[in-house]
Protein chains: 2
Amino acid sequence: MNRLLIDMETLERVAPIIRNVAHPLRLRILDYLDREGEPKSVSDIMDAACVGQAIASQQLRIMKDQGVLSSKREGNFVLYGIADQSVLLLLDCIRHHEAHK
Amino acid sequence: MNRLLIDMETLERVAPIIRNVAHPLRLRILDYLDREGEPKSVSDIMDAACVGQAIASQQLRIMKDQGVLSSKREGNFVLYGIADQSVLLLLDCIRHHEAHK
DNA sequence: TAGGTATATAGTGATATATCTATGTGGTGA
DNA sequence: TCACCACATAGATATATCACTATATACCTA
C-alpha cells in the first residue's frame, strides 16, 4: 500500500472549516437544518438550539462566512440554509459512530 | 420526516475531539499513520509531517490525551498508532470530498 | 414616518490554541 | 557511569474563540 497522502494545501483549506463546524451549537444547527430540509429563520434556529438571539446570529454568521450556510431575506425574516452539503458528511459520521457502540 | 436531532450531550462530547483533529498537521499525522497501517516513531512522523521535534511531540500528545492515538515504547523509540479508528471517517470525508470536485 | 419585530454587529473579558525556544527525561551502548 | 539518541515538557508570547451585554440596522405595518 503506497497511497499518496492528502496534500497539505488541501488539509490547510479544509481543516478550519471542519474546525468551525465542530462546535456543539453549530453541529446542532446543521443537524436541525438538515432534518428540516429547507431554510429556516433565525428565530426557529434559536428555538431548536436553545440559545439567545445574539449567539444564534453569531454562529450563523461564522458558518455563512465559511460558505457552509447561505441566507436569504424574506420580509422580516432571514432564512438560513445549508450551502455546502459536504459538511453533512460530518453529521453522518457522528450518527454512524454513535449508532455502533 | 421527523427524525430526532442528535442530542446535545453527544455533540458536546464529540465536538472537541473533531475539533482537535481538524488541524492540518494532525490530519496529516493521522493520514500518515492510516496509510502506514502500523505504529510509527516520532521521528518518522516528524519526517512525514515536515515539522520539528517539539511540535510533533506536542501534537501527538494532544491526540493521545483525546484517546485518538496510543503509544508504546520500543527501545529508544516511541511508536504511535491510531487508537480510535472512527476518526478515520473524517479522512474519508475529506478524500471523498476532494475526489468529487 | 413612527413603532414594532427580526436580525446583525460592536465591544469586552475570560479562556483556549498555536508556535517557538530551552530544558528535562528515559533508554542504550561504550 | 558517561555520553548520546529519541522523545517529552516547561515557559513565553501571540492570536483566536466563547459567551455575554448593549446597541444598531432592516423591514413591515399602520
Side-chain angles (χ1 to χ4, degrees), chain A residues 8 11-30 32-33 36 38-83, chain B residues 8 11-30 32-33 36 38-81 83 87:
Chain A
M8 283 308 285
L11 295 179
E12 277 165 12
R13 183 168 43 75
V14 168
I17 297 174
I18 298 174
R19 202 178 174 69
N20 266 309
V21 165
H23 178 288
L25 251 51
R26 298 201 269 275
L27 288 171
R28 160 55 61 101
I29 291 171
L30 288 174
Y32 171 66
L33 291 176
E36 295 297 315
E38 59 180 14
K40 304 297 283 183
S41 71
V42 177
S43 304
D44 287 341
I45 292 167
M46 285 169 60
D47 292 346
C50 302
V51 290
Q53 187 269 318
I55 292 195
S57 211
Q58 283 161 354
Q59 312 285 18
L60 291 168
R61 185 189 211 291
I62 289 170
M63 290 196 280
K64 189 186 171 187
D65 286 350
Q66 295 272 354
V68 171
L69 298 182
S70 63
S71 68
K72 60 184 173 196
R73 183 172 273 276
E74 241 176 48
N76 256 341
F77 297 85
V78 176
L79 306 183
Y80 281 84
I82 295 175
Chain B
M8 283 306 286
L11 295 179
E12 277 165 12
R13 183 167 42 76
V14 168
I17 297 174
I18 298 175
R19 202 180 173 71
N20 266 309
V21 165
H23 178 287
L25 252 51
R26 299 201 269 274
L27 287 170
R28 161 54 62 101
I29 291 171
L30 288 174
Y32 171 66
L33 291 176
E36 295 297 314
E38 58 180 14
K40 305 297 284 182
S41 71
V42 178
S43 305
D44 287 340
I45 292 168
M46 284 170 60
D47 292 345
C50 303
V51 291
Q53 187 270 315
I55 291 195
S57 211
Q58 283 160 352
Q59 313 286 16
L60 291 168
R61 184 189 213 292
I62 289 171
M63 290 195 281
K64 189 185 171 188
D65 285 350
Q66 294 272 353
V68 171
L69 298 182
S70 63
S71 68
K72 59 183 173 196
R73 182 172 273 275
E74 239 175 51
N76 257 340
F77 297 85
V78 176
L79 306 183
Y80 281 84
V87 299

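Source: prediction; values computed, not measured.
- Distance, A:Leu27 CG to D:dC18 C1': 16 Å, rounded to whole Å.
- The two residues A:Ser71 and A:Lys64 make their nearest non-hydrogen contact at OG-NZ, 2.9 Å.
- Ranking D:dT9, D:dC18, C:dT7 by closeness to the A:Val42 side chain, first place goes to C:dT7.
- Atom CZ of B:Phe77 and atom P of C:dG29 are 11 Å apart (whole Å).
- Residue A:Arg19 places no side-chain N or O under 4.0 Å from the OP1 or OP2 atom of C:dA16.
- For A:Leu60 against A:Leu69, the heavy-atom pair with the smallest separation is CD2-CD1, 3.6 Å.
- Residue B:Arg61 has a polar side-chain atom (N or O) positioned under 4.0 Å from OP1 or OP2 of D:dT9.
- Here D:dA19 is the nucleotide among D:dA19, D:dA8, D:dA26 with the atom lying nearest to any side-chain atom of A:Ile55.
- Contacts of B:Ser57 with the nucleic acid, taken as non-hydrogen atoms under 4.0 Å apart, include base atoms.
- For A:His23, the listed nucleotide lying nearest its side chain is D:dA19; candidates were D:dT17, D:dC7, D:dA19.
- Heavy-atom nearest nucleotides on DNA chain C were determined for A:Ser71 and for B:Leu25, and the one closer to the 5' end corresponds to A:Ser71.
- Between C:dA6, D:dC7, D:dG11, one nucleotide has an atom nearer to the side chain of A:Asn76 than all others, and that is C:dA6.
- Considering only the side chain of B:Gln58, D:dA10 comes nearest among D:dC18, C:dG11, D:dA10.
- The distance from atom CD of B:Glu74 to atom C1' of D:dC5 is 16 Å, rounded to the nearest whole Å.
- Taking every heavy atom of both residues into account, B:Ala15 and A:Pro24 meet most closely at CB-CD, 3.7 Å.
- Nearest to the side-chain atoms of A:Gln53 among the listed nucleotides C:dT9, D:dA8, C:dA8 stands C:dA8.
- Heavy-atom nearest nucleotides on DNA chain D were determined for A:Gln59 and for B:Ala54, and the one closer to the 5' end corresponds to B:Ala54.
- We find that CG of B:Asp47 is positioned 14 Å from C1' of D:dC7, with the value rounded to whole Å.
- Atom CE of B:Met63 is separated from atom P of C:dA18 by 11 Å (rounded to the nearest Å).
- As rounded to whole Å, 13 Å separates atom P of D:dA16 from atom CD of A:Gln66.
- Distance CG (B:Leu60) to C1' (D:dA6): 13 Å, rounded to an integer number of Å.
- The shortest heavy-atom contact between B:Lys40 and B:Glu36 is NZ-OE1, 3.7 Å.
- Between B:Tyr80 and D:dA8 there is a side-chain polar atom (N or O) within less than 4.0 angstrom of OP1 or OP2.
- The shortest heavy-atom contact between A:Arg19 and B:Ala22 is NH1-O, 3.5 Å.
- Nucleotide D:dA6 holds its P atom 14 Å from the CD1 atom of B:Ile45, rounded to whole Å.
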